[in-house]
Colleague: 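One structure, pasted below without further comment.
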Amino acid sequence: MKRCTLLQWSSLAAAGQAAAQPSLLTRAIPSSGEAVPRIGLGTWITFNVGQDPPARAQCAQVVRAFLEGGGRVIDSSPMYGSSQGVVGDALATLKAQERAFSADKVWTGGDGAAQVEASRVLWKVPRFDLLQVHNLLAWEKQLPLLQRMKAEGRLRHVGITTSEGRRHREFEELLRTQRLDFAQFSYNPVDREAEQRLLPLAAERGIAVLVNRPFQEGALLRKLQRHPLPAFAADIECTSWAQLVLKFIISHPAVTCAIPATRRVEHVRENLAAARGRMPDEAMRRRIAGHIAGL
């Protein structure tokens with residue numbers, strides 16, 4: 001009989017634990033109908049670890065836990081240092097390229113096609129599920145490129161991104177006038193500008209929404225963790241501030257998926273749990289936002 005290593009036993013135990021959990025709640029991408037889990041995985045800062053073997057192994061364990069927990073959407077960018085290669089090596093090691101929903105970006109004023117190909121090689125995928133014009137950089141040039149790639153079957157979905165509330169007026173105009181499958185921008189119980197125009201417009205136009213910076217790169221959680229979790233969090237099955245913030249975000253009817261970044265396995269499992277159980281209704285969403293505003 002073959003003996004399992006400790007790592008293999010650990011992986012099997014984690015997989016069994018994940019299988020025993022309820023499935024993650026999903027939302028359909030309006031343009032394609034494909035359902036994706038409402039919690040994804042971002043890689044900004046956290047996966048930019050260079051060639052450090054222990055750090056890359058730690059990131060691979062995060063990807064493993066994410067996929068075993070039912071996650072699919074992984075988001076990266078050429079802007080994120082070594083993150084693309086770290087994701088690609090993890091997926092190749094796990095033989096999981098087909099399980100992930102690969103979301104990347106074009107971020108150049110120059111040869112977008114060359115950059116996309118370099119990114120694809122780093123990810124080790126045959127094609128991307130989603131490519132986005134990062135922070136609208138040279139969108140007049142890069143968006144037609146991505147749309148041609150989609151028409152030719154070399155790309156599945158096209159999108160645009162912004163963050164931290166930047167260029168919302170121009171972003172809104174593109175949502176109104178361009179053929180887009182996805183829009184990515186910041187949203188959380190503190191940063192709520194997107195509720196006024198971007199989220200309603202995305203819903204009206206049938207555009208899926210990825211939410212970045214759900215925790216303000218950790219600053220929001222560091223502030224909240226100085227305070228006790230409110231008792232009403234138990235009403236929607238939240239055991240942490242991270243879950244309360246994420247449930248606020250993904251319960252918005254226009255939000256498809258939030259993409260918190262982490263390099264810790266326990267945090268990715270905690271985040272995924274926000275896509276299970278009871279979701280806040282509109283009254284609870286107002287209660288969450290009001291409570292956080294009062295702290």
Colleague: Apply the test side-chain contact (heavy atoms from CB on, under 4.5 Å) to residues Asp89 and Arg56: give CA-CA distance (whole Å), side-chain angles for both, the deciding distance (0.1 Å), then the verdict.
Modeller: CA-CA 9 Å; Asp89 286 351; Arg56 290 175 79 96; 2.5 Å; yes
Colleague: What heavy-atom pair brings Ala90 and Ala60 nearest, and what distance separates the two atoms?
Modeller: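 Smallest heavy-atom distance, with atoms named: CB-CA, 3.8 Å.
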Colleague: Which pairs, with at least one residue in residues 37-52 and sequence neighbours excluded, count as a salt bridge (charged side-chain N to carboxylate O under 4.0 Å, His left out)?
Modeller: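 Salt bridge (charged side-chain N to carboxylate O under 4.0 Å, His left out) check on residues 37-52 returns no pairs.
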Colleague: Hydrophobic clusters here meaning ILVMFWY residues chained together by side-chain heavy-atom distances under 4.5 Å, can you tell me if Leu122 and Trp107 are in one?
Modeller: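 Looking at the clustering, Trp107 is in a separate group from Leu122.
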Colleague: For Phe66, give me all partners under ring pair (Phe, Tyr, Trp, His ring centres under 6.0 Å), at least two apart in sequence or on another chain.
Modeller: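 Counting only residues at least two positions away or on another chain, Phe66 forms no ring pair (Phe, Tyr, Trp, His ring centres under 6.0 Å).
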Colleague: Find the distance between CZ (Arg287) and CZ (Phe248) and round it off to the nearest 0.5 Å.
Modeller: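 Taking CZ in Arg287 and CZ in Phe248, the distance rounds to 14.5 Å.
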Colleague: Provide the closest heavy-atom pair for Gln178 versus Arg205 in the form atom of the first, atom of the second, distance.
Modeller: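 For Gln178 versus Arg205, the nearest heavy atoms are O-NH2, 3.3 Å.
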Colleague: Measure across Pro260 and Leu246 and return the closest heavy-atom pair with its distance rounded to 0.1 Å.
Modeller: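 Residues Pro260 and Leu246, closest heavy atoms: CG-CD2, 4.2 Å.
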Colleague: Mind telling me whether Phe182 and His157 have parallel, tilted or perpendicular rings, with 30° and 60° as the class edges?
Modeller: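 It falls in the perpendicular class, over 60°.
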Colleague: Looking at residues at least two apart in the chain, or sitting in another chain, which of them share a ring pair (Phe, Tyr, Trp, His ring centres under 6.0 Å) with His267?
Modeller: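 By the ring pair (Phe, Tyr, Trp, His ring centres under 6.0 Å) rule, His267 matches no residue at all.
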Colleague: Please enumerate all residues that pass side chain to side chain donor-acceptor pair (under 3.5 Å) together with Glu152, with sequence neighbours excluded.
Modeller: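 Residues passing side chain to side chain donor-acceptor pair (under 3.5 Å) with Glu152: Arg154.
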Colleague: If you take the centroid of each ring, where Trp contributes its six-membered ring, are Phe128 and Phe101 closer together than 6.0 Å?
Modeller: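 No, they do not, as the ring centres are separated by 6.0 Å or more.
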Colleague: Taking it one step at a time, do Asp104 and Gln84 satisfy side-chain contact (heavy atoms from CB on, under 4.5 Å)?
Modeller: CA-CA 8 Å; Asp104 206 87; Gln84 294 170 306; 2.9 Å; yes
Colleague: Do Ser76 and Thr43 have side-chain N/O donor and acceptor atoms under 3.5 Å apart?
Modeller: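 Looking only at side-chain atoms, Thr43 and Ser76 do form a donor-acceptor pair, the distance falling under 3.5 Å.
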Colleague: Any idea which heavy atoms bring Arg156 and Asp129 closest together, and the distance?
Modeller: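 Looking at all heavy atoms of both residues, the closest pair is NH1-OD1, 2.7 Å.
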Colleague: May I ask you to test the Val209-Val211 pair for a side-chain heavy-atom distance under 4.5 Å?
Modeller: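 Yes; the side chains approach each other to less than 4.5 Å.
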Colleague: With a 4.5 Å cut-off on side-chain heavy atoms, are Leu25 and Arg276 touching?
Modeller: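 Arg276 does not reach Leu25 side chain to side chain.
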Colleague: What's the separation between atom CD1 in Ile288 and atom CG in Asn188, rounded to the nearest 0.5 Å?
Modeller: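 CG of Asn188 is found 12.0 Å from CD1 of Ile288.
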Colleague: Using salt bridge (charged side-chain N to carboxylate O under 4.0 Å, His left out) as the criterion, list what pairs up with Glu117, not counting sequence neighbours.
Modeller: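 Applying salt bridge (charged side-chain N to carboxylate O under 4.0 Å, His left out) to Glu117 gives Arg120.
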Colleague: Taking distance alone, no hydrogens or angles, what donor-acceptor pairs closer than 3.5 Å link side-chain atoms of residues 135-146 to residues at least two apart or in another chain?
Modeller:
residue	atom	partner	partner atom	Å
Trp139	NE1	Glu170	OE2	2.8
Lys141	NZ	Gly109	O	3.4
Lys141	NZ	Gly110	O	3.0
Gln142	NE2	Thr108	O	3.0
Gln142	NE2	Gly110	O	3.1

Colleague: Evaluate the side-chain contact (heavy atoms from CB on, under 4.5 Å) criterion for residues Glu172 and Leu198: first the C-alpha distance (whole Å), next the side-chain angles of each, then the deciding distance (0.1 Å), finally the verdict.
Modeller: CA-CA 6 Å; Glu172 179 183 341; Leu198 297 187; 4.0 Å; yes
Colleague: For a 4.5 angstrom cut-off between non-hydrogen side-chain atoms, does Glu217 reach Arg213?
Modeller: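 In short, these two side chains touch, coming nearer than 4.5 Å.
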Colleague: Can you find a pair of side-chain heavy atoms, one from Ile74 and one from Trp123, that are under 4.5 Å apart?
Modeller: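 Touching, per the 4.5 Å side-chain cut-off.
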Colleague: Does Arg278 have any salt bridge (charged side-chain N to carboxylate O under 4.0 Å, His left out) partners at least two apart in sequence or in another chain, and if so, which?
Modeller: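 For Arg278, the residues satisfying salt bridge (charged side-chain N to carboxylate O under 4.0 Å, His left out) (neighbours in sequence not counted) are Glu237.
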Colleague: Using the rule that two of Ile, Leu, Val, Met, Phe, Trp, Tyr join whenever any of their side-chain heavy atoms come within less than 4.5 Å, decide whether Met79 and Val106 are in one cluster.
Modeller: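 Cluster IDs for Met79 and Val106 differ.
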Colleague: Please report the shortest heavy-atom distance between Gly50 and Ser82, naming the atom on each side.
Modeller: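 Looking at all heavy atoms of both residues, the shortest contact is N-OG, 2.8 Å.
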Colleague: Spell out, yes or no, whether Leu67 and Val265 are grouped together once hydrophobic residues are joined by side-chain heavy atoms under 4.5 Å, including indirect joins.
Modeller: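 They do share one cluster, since a chain of ILVMFWY contacts under 4.5 Å joins Leu67 to Val265.
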Colleague: Once ring-ring contact (aromatic ring centres under 6.0 Å, His included) is applied, what residue pairs with a partner in residues 221-246 remain, sequence neighbours excluded?
Modeller: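 Only Phe232-His291 qualify under ring-ring contact (aromatic ring centres under 6.0 Å, His included).
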Colleague: If two hydrophobic side chains count as joined below 4.5 Å and joins carry through other members, does Ile250 share a cluster with Val73?
Modeller: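 Unlinked, Ile250 and Val73 end up in two clusters.
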Colleague: Specify the closest pair of heavy atoms between Thr239 and Leu229, including all atoms of both residues, with the distance to one decimal.
Modeller: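 The pair with the smallest heavy-atom distance is C-CD2, 3.6 Å.
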Colleague: So, using side chain to side chain donor-acceptor pair (under 3.5 Å) as the criterion, who are the partners of Thr162 when residues are at least two apart?
Modeller: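 Thr162: no side chain to side chain donor-acceptor pair (under 3.5 Å) contacts found.
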Colleague: Any link between Ile160 and Val255 through a network of hydrophobic side chains (Ile, Leu, Val, Met, Phe, Trp, Tyr) touching at under 4.5 Å?
Modeller: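 Looking at the clustering, Val255 is in the same group as Ile160.
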Colleague: Please identify each residue that fulfils salt bridge (charged side-chain N to carboxylate O under 4.0 Å, His left out) with Asp75, with sequence neighbours left out.
Modeller: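 Expected list: Lys105.
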Colleague: Testing the 3.5 Å rule here: is there a donor-acceptor pair between the side chains of Asp191 and Ser186?
Modeller: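 The criterion, which ignores hydrogens and geometry beyond distance, is not satisfied for Ser186 and Asp191.
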Colleague: Would Met284 and Asp235 count as a side-chain contact (heavy atoms from CB on, under 4.5 Å) here? Give the steps.
Modeller: CA-CA 9 Å; Met284 177 60 81; Asp235 296 341; 4.1 Å; yes
Colleague: With no hydrogens and no angle check, is any side-chain donor or acceptor of Arg263 less than 3.5 Å from a backbone partner on Thr46?
Modeller: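 Side chain of Arg263 to backbone of Thr46: a pair is present.
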Colleague: What residues form a side chain to side chain donor-acceptor pair (under 3.5 Å) with Arg72, not counting sequence neighbours?
Modeller: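 Once residues adjacent in sequence are excluded, the partners of Arg72 under the side chain to side chain donor-acceptor pair (under 3.5 Å) criterion are Glu34.
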Colleague: To the nearest 0.5 Å, what is the distance between OG1 on Thr161 and CD on Gln132?
Modeller: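 Thr161 atom OG1 to Gln132 atom CD measures 6.0 Å (nearest 0.5 Å).
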Colleague: Show your reasoning for whether side chain to side chain donor-acceptor pair (under 3.5 Å) applies to Tyr187 and Glu195.
Modeller: CA-CA 8 Å; Tyr187 177 57; Glu195 290 178 351; 2.5 Å; yes
Colleague: Using atom types as modelled and distance alone, determine if a side-chain donor or acceptor of Arg127 lies under 3.5 Å from a backbone N or O of Gly153.
Modeller: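 A pair under 3.5 Å: yes.
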Colleague: Looking at Arg197, I want to see if its CZ is surrounded by more than 12 non-hydrogen atoms of other residues, nucleotides or ligands under 6.0 Å.
Modeller: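 Open.
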Colleague: Between OG of Ser102 and CG of Leu130, what distance do you get to the nearest 0.5 Å?
Modeller: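 Between atom OG of Ser102 and atom CG of Leu130 there are 8.0 Å.
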Colleague: Side chains of Val245 and Leu224: closer than 4.5 Å at any heavy-atom pair?
Modeller: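 Answer yes - side chains close enough.
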Colleague: Return yes if some donor-acceptor pair links the side-chain N/O of Lys247 with the main-chain N/O of Ile236 below 3.5 Å, else return no.
Modeller: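 Yes, because the side chain of Lys247 sits within donor-acceptor range (under 3.5 Å) of the backbone of Ile236.
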Colleague: Working to the nearest 0.5 angstrom, can you tell me the gap between Tyr80 OH and Ser119 OG?
Modeller: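 Here the rounded value is 12.0 Å.
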Colleague: Report yes if the side chains of Met149 and Val158 come closer than 4.5 Å at any heavy-atom pair, otherwise no.
Modeller: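 The answer is no, as the side chains (C-beta and beyond) never meet within the 4.5 Å cut-off.
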Colleague: Restricting to salt bridge (charged side-chain N to carboxylate O under 4.0 Å, His left out), what partner residues turn up for Glu98, sequence neighbours left out?
Modeller: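 Per chain and number, Glu98 pairs via salt bridge (charged side-chain N to carboxylate O under 4.0 Å, His left out) with no residue.
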Colleague: Heavy atoms, side chains only, cut-off 4.5 Å: are Ser31 and Ile29 in contact?
Modeller: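 When only atoms from C-beta onward are counted, Ile29 and Ser31 do touch, with a gap below 4.5 Å.
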Colleague: Could you measure the distance from the CD1 atom of Ile259 to the CG atom of Leu210? Nearest 0.5 Å is fine.
Modeller: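 With rounding to 0.5 Å, CD1 (Ile259) is 5.5 Å from CG (Leu210).
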Colleague: Can you confirm whether Phe215 sits close enough to Arg222 that some side-chain heavy atom of one is under 4.5 Å from a side-chain heavy atom of the other?
Modeller: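 In short, these two side chains do not touch, never coming nearer than 4.5 Å.
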Colleague: Look at the aromatic rings of Phe171 and Phe185 and report parallel, tilted or perpendicular, splitting at 30° and 60°.
Modeller: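 Aromatic pair Phe171/Phe185 classed perpendicular.
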